[in-house]
Amino acid sequence: MSDPRSPAAPSPHRDVVWHDGGLDRTARQEALGHAGATVWLTGLSGSGKSTVAFEVERRLVASGRPAYVLDGDNLRHGLNAGLGFSAEDRAENVRRVGEVALLLADAGVVALAPLVSPYRVDRARVRSRHESAALPFLEVHVATPLEECERRDPKGLYAKARAGEISGMTGIDDPWEPPEHPDLVLAAGSADDHAAAIVALLAERGIAARV
Ligand SMILES: Nc1ncnc2c1ncn2[C@@H]1O[C@H](COP(=O)(O)OS(=O)(=O)O)[C@@H](OP(=O)(O)O)[C@H]1O
Ligand SMILES: Nc1ncnc2c1ncn2[C@@H]1O[C@H](COP(=O)(O)OP(=O)(O)O)[C@@H](O)[C@H]1O
């Protein structure tokens, strides 16, 4: 198994040399008692990604399994402060969160990443990084229709976009590309139903069980 901390590409700094550690993933996960995974939730703003991710985190932690939500909105207050919503910035946002998720999964945590992540190619890159590192990656499509997201509009963003006060709003004047082969699609149902479906999928795939 390759170490996910190893670089996706050679360092652009010629004086930076990769340092191999002596411990492998199995040893770390045995110490913790758990194997990790990444659950990536993609969908429109207001679709319910954060609500379901935090509910899955709550359920997993309550059952003694380490889990951690990497919320798109929240990380834009710190790690990703300074990134906007251009296609380039969204790609960088997704790349960074994907790398953090990979590290958490490697450490034995279930990383939950609710991000709009509108571009297939950006999500595919995160999947591919996990596959190269032999770490489970589950893509969950939170498939709430645009009309319902607009009806909820908890942050008033859709109203602003319709009024022309903001531009580049996903689903209005910016694209969102649905997954072609999602591991799970969450359509109608409560946030509790959706969380239960994700926990069931993790169990079905043998992920996040004690090692
Ligand atoms: N233009 C535009 N388009 C979409 N979303 C916008 C935009 N401007 C601000 N917001 C708010 O930012 C949240 C999305 O951040 P993400 O980091 O998940 O976005 S992305 O993955 O980089 O596309 C998103 O949060 P959620 O509603 O939780 O999805 C919005 O609250
Ligand atoms: N399954 C659901 N059914 C109905 N309302 C929901 C559901 N999931 C979330 N909500 C509500 O929808 C709104 C947006 O949810 P949120 O989790 O913030 O979405 P996102 O993270 O995709 O922007 C919130 O008011 C939340 O309470």
Side-chain angles (χ1 to χ4, degrees), residues 38-59 67-102 104 111-127 129-130 137-179 182 184-201:
T38 292
V39 179
W40 194 274
L41 299 102
T42 176
L44 295 169
S45 175
S47 57
K49 304 179 299 294
S50 301
T51 306
V52 71
F54 280 110
E55 177 57 20
V56 172
E57 181 191 58
R58 193 194 65 71
R59 290 176 184 223
Y68 197 88
V69 175
L70 299 166
D71 186 76
D73 259 332
N74 293 356
L75 293 181
R76 281 173 175 276
H77 288 78
L79 177 70
N80 295 327
L83 294 179
F85 292 90
S86 64
E88 295 72 28
D89 279 8
R90 290 183 197 255
E92 176 59 10
N93 186 42
V94 167
R95 188 193 71 78
R96 287 185 198 172
V97 179
E99 292 294 314
V100 175
L102 189 73
L104 287 175
L112 297 146
L115 265 78
V116 173
S117 46
Y119 298 106
R120 254 181 226 130
V121 64
D122 298 335
R123 300 191 304 263
R125 219 172 277 130
V126 178
R127 180 187 285 278
R129 285 281 287 149
H130 281 72
F137 177 85
L138 304 180
E139 189 177 22
V140 178
H141 175 184
V142 185
T144 312
L146 175 64
E147 307 74 65
E148 172 62 12
C149 296
E150 265 199 274
R151 194 193 60 74
R152 294 179 189 171
D153 202 7
K155 298 161 193 161
L157 292 173
Y158 289 108
K160 281 189 188 161
R162 291 290 186 197
E165 290 166 26
I166 57 169
S167 62
M169 181 64 193
T170 303
I172 305 296
D173 58 347
D174 225 44
W176 183 78
E177 301 171 351
L184 185 66
V185 179
L186 300 175
S190 67
D192 274 353
D193 293 340
H194 292 164
I198 291 176
V199 171
L201 180 65

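Each ligand, and each atom within it, is numbered from 1 in the order the structure gives.
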- request: Examine ligand 2 and decide if any of its atoms is less than 4.0 Å from a heavy atom belonging to Pro114.
  value: no
- request: Just jot down the ligand 2 atoms closer than 4.0 angstrom to any heavy atom of Ala191, in number order.
  value: 1 (N), 2 (C)
message: Can you check which of Arg152, Lys155, Arg90 brings a heavy atom nearest to atom 26 (P) of ligand 1?
response: Lys155
- request: Just jot down the ligand 2 atoms closer than 4.0 angstrom to any heavy atom of Ser45, in number order.
  value: 23 (O)
- request: Measure the spacing between OH of Tyr158 and CG of Leu146 and express it to the nearest 0.5 Å.
  value: 5.5 Å
field: Nearest-contact summary for atom 6 (C) of ligand 1 - protein heavy atom, Å
entry: Phe85 CE2, 3.5 Å
Short N or O distance, Val116 and ligand 1, threshold 3.5 Å exclusive: yes
- prompt: Which atoms of ligand 1 have any heavy atom of Ser117 under 4.0 Å away?
  reply: 20 (S), 21 (O), 23 (O)
- prompt: Counting both backbone and side chain atoms, is some N or O of Gly189 under 3.5 Å from an N or O of ligand 2?
  reply: yes
query: Any idea which protein heavy atom is nearest atom 8 (N) of ligand 2, and the distance to it?
result: Gly48 CA, 3.8 Å
message: Cation-pi check for Phe137 against Arg129: NZ or CZ below 6.0 Å from the six-membered ring centre and within 45 degrees of the axis, yes or no?
response: no
Test of proximity, Val52 against ligand 2: N or O pairs below 3.5 Å: no
- prompt: So, does Asp174 sit close enough to ligand 1 that a heavy atom of it is under 4.0 Å from the ligand?
  reply: no
task: Give the residue, atom name and distance (to 0.1 Å) of the protein heavy atom nearest atom 25 (O) of ligand 2.
output: Pro154 CB, 4.3 Å
- request: Salt-bridge test for Asp122 and Arg125: reply yes if a basic N is under 4.0 Å from a carboxylate O, no otherwise.
  value: yes
- prompt: Counting heavy atoms only, which of Gly72, Gly43, Ser50 comes nearest to atom 21 (O) of ligand 2?
  reply: Ser50
- request: Kindly confirm or rule out an N or O of Gly168 lying under 3.5 angstrom from an N or O of ligand 1.
  value: yes
query: Just which atoms of ligand 2 are under 4.0 Å from any heavy atom in Thr51?
result: 9 (C), 15 (O), 16 (P), 17 (O), 26 (C)
- request: Specify side chain, backbone, both or neither for Thr170, according to which of its non-hydrogen atoms lie closer than 4.0 Å to ligand 1.
  value: both
field: ligand 1 versus Leu157: contacting region, heavy-atom distance under 4.0 Å
entry: side chain
task: Taking only heavy atoms of Leu44 into account, list the atoms of ligand 2 that are under 4.0 Å away from them.
output: 22 (O)
- prompt: To which protein heavy atom is atom 14 (C) of ligand 2 closest, and what is the distance rounded to 0.1 Å?
  reply: Gly46 O, 3.6 Å
task: Would you mind finding which of Arg151, Glu55, Lys49, Arg152 brings a heavy atom closest to atom 5 (N) of ligand 2?
output: Arg152
